[in-house]
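Heads up, the thing below is written out as structure tokens.
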There are 2 protein chains.
Amino acid sequence: MHSPPIVGLLGGGQLGRMLMESANRLNIRMNVLDTENAPAKQISAHDGHVTGSFKDRASLRKLAETCDILTAEIEHVDTYGLEEVSSKVKVEPSWKAIRIIQDKFHQKEYLSKFNIPMAEYRELHKNSAEELKAIGEELGFPLMLKSKTQAYDGRGNYSVKSQADIPAALEALNGRPLYAEKWAHFKMELAVMVVKTKDGVLSYPTVETVQENSICKLVYAPARNISDTINRKAQELARNAVAAFEGKGVFGVEMFLLEDDSLLLCELASRIHNSGHYTIEACALSQFDTHLRAILDLPIPPQSLEIREPAIMLNILGGSAPDSHLKIAERALSIPNASIHLYSKGDARPGRKMGHVTVTASTIQEAEAIIQPLIDFVDGTQRANTQTSKPRPNIGVVMGSDSDLKTLVPGLKLLKDYFGIDPEVEITSAHRTPTYMAEYASSAASRGIKVIIAAAGGAAHLPGMAAAHTSLPVIGVPVKGSSLDGVDSLYSIVQMPRGVPVATVGINNSINAALLAARILGAFDARVQRKVEEYAQSAKEENLDIKGVKLREIGWEAYHEEMQKR
Amino acid sequence: MHSPPIVGLLGGGQLGRMLMESANRLNIRMNVLDTENAPAKQISAHDGHVTGSFKDRASLRKLAETCDILTAEIEHVDTYGLEEVSSKVKVEPSWKAIRIIQDKFHQKEYLSKFNIPMAEYRELHKNSAEELKAIGEELGFPLMLKSKTQAYDGRGNYSVKSQADIPAALEALNGRPLYAEKWAHFKMELAVMVVKTKDGVLSYPTVETVQENSICKLVYAPARNISDTINRKAQELARNAVAAFEGKGVFGVEMFLLEDDSLLLCELASRIHNSGHYTIEACALSQFDTHLRAILDLPIPPQSLEIREPAIMLNILGGSAPDSHLKIAERALSIPNASIHLYSKGDARPGRKMGHVTVTASTIQEAEAIIQPLIDFVDGTQRANTQTSKPRPNIGVVMGSDSDLKTLVPGLKLLKDYFGIDPEVEITSAHRTPTYMAEYASSAASRGIKVIIAAAGGAAHLPGMAAAHTSLPVIGVPVKGSSLDGVDSLYSIVQMPRGVPVATVGINNSINAALLAARILGAFDARVQRKVEEYAQSAKEENLDIKGVKLREIGWEAYHEEMQKR
């Protein structure tokens, strides 16, 4: 045994390279088994690496002799070899876990024993058209035909839309062990990175993945427009699934979110994963940091897995030309807040993962706006106008009745024209549409809304009811009705019971509601705060330099006369 | 010329190693001139490195032949050698800049031509006691005696407290070219990393550095308790100083902030710098990323230099034992949000920079609380109680008169006991202490305050006046006085003119003011938001499950009777 322990790594591709970055920072020696000059080896100059295939038993034995603990950046490894060497070195995660997980059918069979929800599936025994037709009649079309082994990035999968596709599907996956899976009509694909340690199972937040041609294209961290409940449920499902396996390290769990908000596990990887690359910039400890710490029994503070700032990851794939991916990286250099990772993998093939870009911002909406030009560039569909897509609103404005709109207009205009903030505006009455109002308010936070402005008149219940259905700050604007001069609205809004506050502004004063919303955003966003300061400054100047000077110049009598003419 | 360009680097220490991390991610080839197995070479496996000293002319010539552009991680290089090879390869920044900067006296002479404010200084021509005594009489004691060249981390500096220190000072710096500098009575040391590109001069935000034994110990990013004006002025000064030099790349500028808020340049480095390590985690592009981009004429979006999240960097220095630094790193593994960088420099000497730790958090106060146990560990003064130091408050509570305190107590208790938030509480009257009130409100944001709660009664001006002096959200609590039932206070607070909003809550309702403040913080801090949700949940349960059940059980008559007895 050496001290500190030496890690042996099966596979030195981009995942191994990023793992090496983490090992380098902690001065942990890692010996890589892969071809000469593999990406991970390029950033680790020592003579402990082994040249060969990670599928070759002799090379594996050789690597095992150089290290104290073995791990892998892929699941397609020789688990019988790992089993053999496990008497001499530690293997994390266990070869047992990898053996089950690398066969997707076996994985499903195993997980179903632990009550993990998954799409229904049937094994094919003869790989015949009749057999698949019968399964299709049972599970319905479309269905997914899948290879049990050696499947990744869409390879080994075939979507069978109808009976007519059966011959082509069997032809495409000819000679492979197969199973068929019921089609998951999902509204979103989610992923959770899970860290299994000697002490328990931790998880990163739930992220949203967007696939194109069965290859991961984008990851949104955190997932957009999902409630806290779903975020928690997805993490729980992922942790439960990973807890079923033996060994330590990072696991990637992919899931479907169905229309009814239920979750199905899609598949699980016994390794660091593409859907976790965002953690490098978005979390204090990346999936690569935590994988190393988990296998070496080093501490992992759970807080370090939280998202520091929302992030969007875009994969850089090989394209039609040999340098297509380099052009994307070059374009990314001009994208604000973009961190670029190139893998130095040599020749690019179309669809090959050559690098990735992560954009961080204080809100996911801002990150979306920032990365859009790069997505457009990747899509080759650079828009004619250079306008970026609108960020999603972080202020929600609701009114009890459309008659309140005219009162809100000055505030709305100020937000839009001066602050460049385009709020979400809705009519939702506490009395006429109580259920919609409740839904609106309770889902606001998960839509990215940070402040709600609610205007109402008379027995003005809307601001208080909205506040009762959300944990966000609610600003109330009392609207002056036909009687009682707005005092009825003011009292209805401001005199809330203890426990449910409404930030009330003056009667009809939507300008102040807008400014208050801007101050709230500004307390956490320096750019908005600067605009608030500028606004105050210009009001000061207007009073001091313009009105004041004029009054002194022309005298109060003339000034008053002029005012009456306005 | 090769394509893409190959970079040659003089020096392969920790700065070179972190520069290599950035080069690796962009797949930029960098050939390092330094001893074999120098830290930077360890993470770059190719045969283009040169073994030798970066001060040796022949080695420099050899490196120049392998690359297209030369840069350096230190300023103590052979600038005549750089001048010679500059006819064949690019040198960035220019050898001219490095030559001036590496001689600190020359640097001061040069910068004074550009009206850069610096402490007064005098050259020593004879290094004699009489000469230094005369300078001391002119500039006053204490003063700093400094070596013009080869000075770093406090080496080459001697603080001369009085005439009595003169012989020891001259002995300590014997044989070196010297100058003396007037003592700067600073309240804070600041630093700004500057990026000089082909298009202009950019800067990172102003940070605060804390030195111990003349070696950088801590960096706070952004600097604590400085106004926006000083932040901007310091950046401006740093950019102006760097603009005076020829060439491209990152420069480190250290400054003193004096008691009167004026700034003096302390010194400037023609390279990536210890006070910029925080940029790795805190900014989208680190100083290492931007140095490479600057010298290679690649784009640098200015937004990528902003601070994503406050950060504190702590240097890991060699200590009394050979493994003292490893013990610090080990302790850091348990610190939440801590990113650890070890430099793999071999043997540790006391004071040698062996690594660093950066802690990020959503506020600098939170980062301070998180890193405190590690600082305590480093200081070897682990406190008897394990309590971490209190984070600085992010809610400010002010009242017009101490008679308002009893109204505020329920809200203050809720914040402290339920939310664990200890607000800053002050008495400041708009009428009796108008100037203090204005100071308090206008400096609140720079103290880290995010929301102000202001309570007042009668002609209640305090909330509105506070709002007029800050861009933060202000929550107003109308306090019920002896007459008019609090309606006077309510109207005074809520009916603010357009332009200056106050978030008004119900009369005497400090609970709602506290909850509203928590909602505002919670919109940007998931932990606080969760507490708000739990609060609402427990109120709901109390009504539904406890009071509701009881009323049904015992009937309304018994319930009413019991209530009257309370």
Side-chain angles (χ1 to χ4, degrees), chain A residues 21 24-27 41-46 284 293 298-299 301 303-304 308-309 333-342 344 360 445 450-451 471-473 475 490 494-496 498-507 509 511-513 515-516 519-520 522-524 529 532-533 535-536 539, chain B residues 21 24-27 41-46 284 293 298-299 301 303-304 308-309 333-342 344 360 445 450-451 471-473 475 490 494-496 498-507 509 511-513 515-516 519-520 522-524 529 532-533 535-536 539:
Chain A
E21 291 185 337
N24 284 340
R25 285 190 176 175
L26 287 185
N27 299 172
K41 292 183 178 178
Q42 293 170 24
I43 62 166
S44 173
H46 59 70
R293 291 189 183 203
L298 299 174
Q303 192 179 331
S304 299
R308 294 171 51 202
E309 214 184 21
L333 288 166
S334 307
I335 300 288
N337 295 0
S339 300
I340 303 171
H341 300 254
L342 293 177
S344 192
T360 54
K450 298 292 180 192
V451 197
S471 59
L472 293 173
I475 299 170
L490 172 60
V494 77
Q495 289 295 101
M496 287 292 291
R498 283 176 212 286
V500 188
V502 170
T504 312
V505 295
I507 295 164
N509 202 335
I511 290 277
N512 276 7
L515 283 170
L516 183 57
R519 282 178 183 229
I520 290 171
F524 301 89
Q529 195 167 53
V532 173
E533 283 162 10
Y535 184 89
Chain B
E21 291 185 337
N24 283 341
R25 285 190 176 175
L26 286 186
N27 300 172
K41 291 183 180 178
Q42 294 170 24
I43 63 166
S44 172
H46 59 72
R293 291 188 183 201
L298 299 174
Q303 192 180 329
S304 299
R308 293 171 51 201
E309 212 183 22
L333 288 167
S334 307
I335 300 289
N337 294 0
S339 299
I340 303 172
H341 300 253
L342 292 177
S344 192
T360 53
K450 298 292 182 193
V451 197
S471 59
L472 293 172
I475 299 170
L490 171 60
V494 77
Q495 287 296 102
M496 286 292 291
R498 283 175 212 285
V500 188
V502 170
T504 312
V505 295
I507 295 164
N509 202 334
I511 289 278
N512 275 7
L515 283 170
L516 182 56
R519 283 178 181 228
I520 289 171
F524 300 90
Q529 194 166 55
V532 174
E533 282 162 10
Y535 185 90

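Ranked by heavy-atom pairs under 4.5 Å with chain A, the first of Ala284(B), Ala503(B), Ala445(B) is Ala503(B). Most heavy-atom pairs under 4.5 Å with chain A, from the set Ser471(B), Pro336(B), Gly522(B), Gly499(B): that is Ser471(B). Of all the listed residues (Ile507(B), Val532(B), Asn27(B)), the one sharing the greatest number of non-hydrogen pairs under 4.5 Å with chain A is Asn27(B). Each of Pro299(A), Ser44(A), Ser334(A) has some count of heavy-atom pairs under 4.5 Å with chain B, and the biggest count is that of Pro299(A). When Ile43(A), Ile511(A), Asn24(A) are compared by the number of non-hydrogen pairs under 4.5 Å with chain B, Ile43(A) comes out ahead.
Proximity to chain A (any heavy atom under 4.5 Å) is shown, for Val451(B), by neither the backbone nor the side chain. Heavy-atom distances place no part of His46(B) under 4.5 Å from chain A, backbone and side chain included. Ile335(B) touches chain A through its backbone: at least one of N, CA, C or O sits under 4.5 Å from a heavy atom, while the side chain does not. Proximity to chain A involves both the backbone and the side chain of Gln495(B), based on heavy atoms less than 4.5 angstrom apart. Looking at Val505(B), the atoms closer than 4.5 Å to chain A (heavy atoms on both sides) sit in the backbone and in the side chain alike. Interface residue Leu333(B): backbone and side-chain heavy atoms are both found under 4.5 Å from chain A. Neither the backbone nor the side chain of Ile475(A) comes within contact range of chain B, judged by heavy atoms closer than 4.5 Å. Residue contact with chain A, scored on non-hydrogen atoms closer than 4.5 Å, involves the backbone of Lys41(B) exclusively.
Qualifying side chain to side chain contact (heavy atoms under 4.5 Å, CB included) partners for Glu309(A), counting only residues two or more places apart in sequence or in other chains: Thr360(A), Ser362(A), Arg308(B). For the side chain to side chain contact (heavy atoms under 4.5 Å, CB included) test, no residue two or more places apart in sequence or in another chain qualifies with Ala536(A).
Note: Leu472(A) CG to Gln529(B) CD = 5.5 Å, rounded to the nearest 0.5 Å. A distance of 9.5 Å separates OG1 of Thr504(B) from CG of Asn512(A), quoted to the nearest 0.5 Å. Atom OG of Ser344(B) and atom CG of Leu26(A) lie 11.5 Å apart (nearest 0.5 Å). Distance check, rounded to the nearest 0.5 Å: CG of Leu342(A) to CZ of Arg25(B) gives 11.0 Å. The CE atom of Met496(A) lies 11.0 Å from the CG atom of Leu515(B); values are rounded to the nearest 0.5 Å.
Between Ala338(B) and Ser304(A), the shortest heavy-atom distance links the atoms N-OG, 4.3 Å. The two atoms that bring Arg519(B) and Pro473(A) nearest to each other are O-CD, 3.3 Å, heavy atoms only.
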